[in-house]
Amino acid sequence: MDGDYKDPATFQTIRKELKGAQRPAHYLAIPPLLFGTVVEQLAKSGSAQSGRVIVEKPFGNDLASAQELNRILHAAFPESAIFRIDHYLGKRPVNNVVVFRFANAFMEPFWNRNYIESVQITMAEEFGVQGRGAFYDQTGAIRDVIQNHLFQILCNLAMEPPVRIDSETIRDEKVKVLKAIRPLEANNLVRGSSAATARRREWAPDSKMETFAALRLEVDSWRWKGVPFYIRAGKNLPVTCTEVIGRFRKPPTVIKESALSGTICGFESVRR
């Protein structure tokens, strides 16, 4: 059914269409600015009763707006019925990073600061915003894919082995990684926007929102202290490529530099 998100009649119709549904799941595949409005309307119409709600990213613009959205959600649904998800975690290659690390004994001895010089995480897309200009002008590359999708990849790469494989235990290990990341400094961040994007009609003429971003992070944990993690993502780039590259430290050897060009191990790569 169609309707205006701000019109109570829309949600009365939804309530009628639900009929006798006992635990309806409301998946908010809508503009992020409307998350709070829709949840409030679901509650007023009675559609939230015994229901569940699924919220994707981005979850607010900053800490204050995220806390306010959380308040609105809790006013309509109990915590057990609220699902804040990152759909990128459902991709098989993303899940395989964890399996590759912890199901293979050969990797554990060298996957640490003693052998790894740096880690690079890249999500490059050769296409532009393609009809998502209004959304992207409010979100940008950092909030669209870096602070969520690529940070999840970072956590999968940097976390310690979980004692169990349930979601809460894995989440706890990821939180430890995030707590160990140093605050980002301005000289470790680059933002930019392509001319092709700026010319699109749905993009605000004076917009300064980025379509490309690259950052350097330090994870001050026992395993990763001193190893930089480089994350980059952007639109209108030469190739479409999602990959992780771990670069080994150079061994104390007499072999010439030119012979060491093969010391890069790329262990998770998806190209289209």
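Below, all heavy atoms of this structure are taken into account, side chains as well, without hydrogens, waters or symmetry copies. Note that the structure is predicted; figures quoted are calculated from it, not measured.
Salt bridge status for K57 with D86: absent, with no side-chain N to carboxylate O gap under 4.0 Å. Using a 4.0 Å cut-off between charged side-chain N and carboxylate O, E117 and R249 make no salt bridge. Under 4.0 Å is where a charged nitrogen must lie from a carboxylate oxygen, and between K176 and E160 no such pair does.
Once rounded to the nearest 0.5 Å, the distance linking CD of E126 with CG of N236 reads 9.5 Å. One distance of note links CG of L33 with OG1 of T139; it measures 8.0 Å at 0.5 Å rounding. Rounding to the nearest 0.5 Å places CG of N148 at 8.0 Å from NE2 of H87.
Side-chain contact of N156 with R101: a donor-acceptor pair under 3.5 Å is absent, judged by distance alone. At a cut-off of 3.5 Å, with distance as the only test, a side-chain donor of R84 or N70 sits close to an acceptor on the other residue. Side-chain contact, D62 with S65: a donor N or O sits under 3.5 Å from an acceptor N or O.
Between V53 and L28, some side-chain heavy-atom pair lies under the 4.5 Å cut-off. Side-chain contact between V227 and R113 is present, with heavy atoms from C-beta onward closer than 4.5 Å. The side-chain heavy atoms of F229 and W224, taken from C-beta on, include a pair separated by under 4.5 Å. Side-chain contact check for T10 versus M1: some heavy-atom pair is nearer than 4.5 Å. In this structure the side chain of H74 reaches within 4.5 angstrom of the side chain of I82, judged on heavy atoms. Using a 4.5 Å heavy-atom threshold, the side chains of Q120 and R247 count as touching. Considering only heavy atoms from C-beta on, N188 stays 4.5 Å or farther from L215 through its side chain. Looking only at side-chain heavy atoms (C-beta outward), V55 and I85 stay at 4.5 Å or farther from each other.
Classified by interplanar angle (parallel below 30°, tilted 30° to 60°, perpendicular above 60°), the ring pair F110/F248 is tilted.
W111 places no side-chain N or O within donor-acceptor distance of the main-chain N or O of I116, the cut-off being under 3.5 Å. Judged by distance alone, the side chain of E243 and the main-chain N or O of I121 form no donor-acceptor pair under 3.5 Å. A donor-acceptor pair is defined here as one N or O able to donate and one able to accept, closer than 3.5 Å; such a pair exists between the side chain of N104 and the backbone of F100. Formation of a donor-acceptor pair under 3.5 Å by the R216 side chain with backbone atoms of P228 is not found in this model. Distance alone, capped at 3.5 Å, is enough to place a donor-acceptor pair between the T13 side chain and the A9 backbone. Of the possible donor and acceptor atoms, one in the side chain of D4 sits under 3.5 Å from a partner among the backbone N and O of K6. Side-chain atoms of N96 do not come within 3.5 Å of backbone N or O of V99 as any donor-acceptor pair. Looking at R15, its side chain does come within 3.5 Å of a backbone N or O of G46 through a donor-acceptor pair.
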- [ ] Check the pair N61, R143 against side-chain hydrogen bond (donor to acceptor under 3.5 Å, both in side chains), reporting the backbone distance first and the verdict last.
- [x] CA-CA 8 Å; N61 297 312; R143 292 181 62 229; 3.1 Å; yes
Task: Derivation of the side-chain hydrogen bond (donor to acceptor under 3.5 Å, both in side chains) call for Q152 and K174 - done: CA-CA 8 Å; Q152 292 286 356; K174 289 182 175 183; 2.9 Å; yes
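The environment of CD in E68 is crowded: more than 12 heavy-atom neighbours from other residues, nucleotides or ligands sit within 6.0 Å. With a 6.0 Å radius and a threshold of 12 heavy atoms from other residues, nucleotides or ligands, E168 has its CD atom at or below the threshold.
Across every non-hydrogen atom of P162 and F102, the tightest pair is CD-CE1, 3.8 Å. Shown here for P24 and S50, the closest heavy-atom pair between the two residues is CD-O, 4.1 Å. The shortest non-hydrogen separation linking L150 to M123 is CD2-CE, 3.8 Å.
Of the listed residues (I170, V219, L178), just one forms a side-chain contact (heavy atoms from CB on, under 4.5 Å) with M159, and that residue is I170.
Under the side chain to side chain donor-acceptor pair (under 3.5 Å) criterion, T122 pairs with R232, sequence neighbours left out. Judged as a ring pair (Phe, Tyr, Trp, His ring centres under 6.0 Å), and not counting sequence neighbours, H26 has no contacts.
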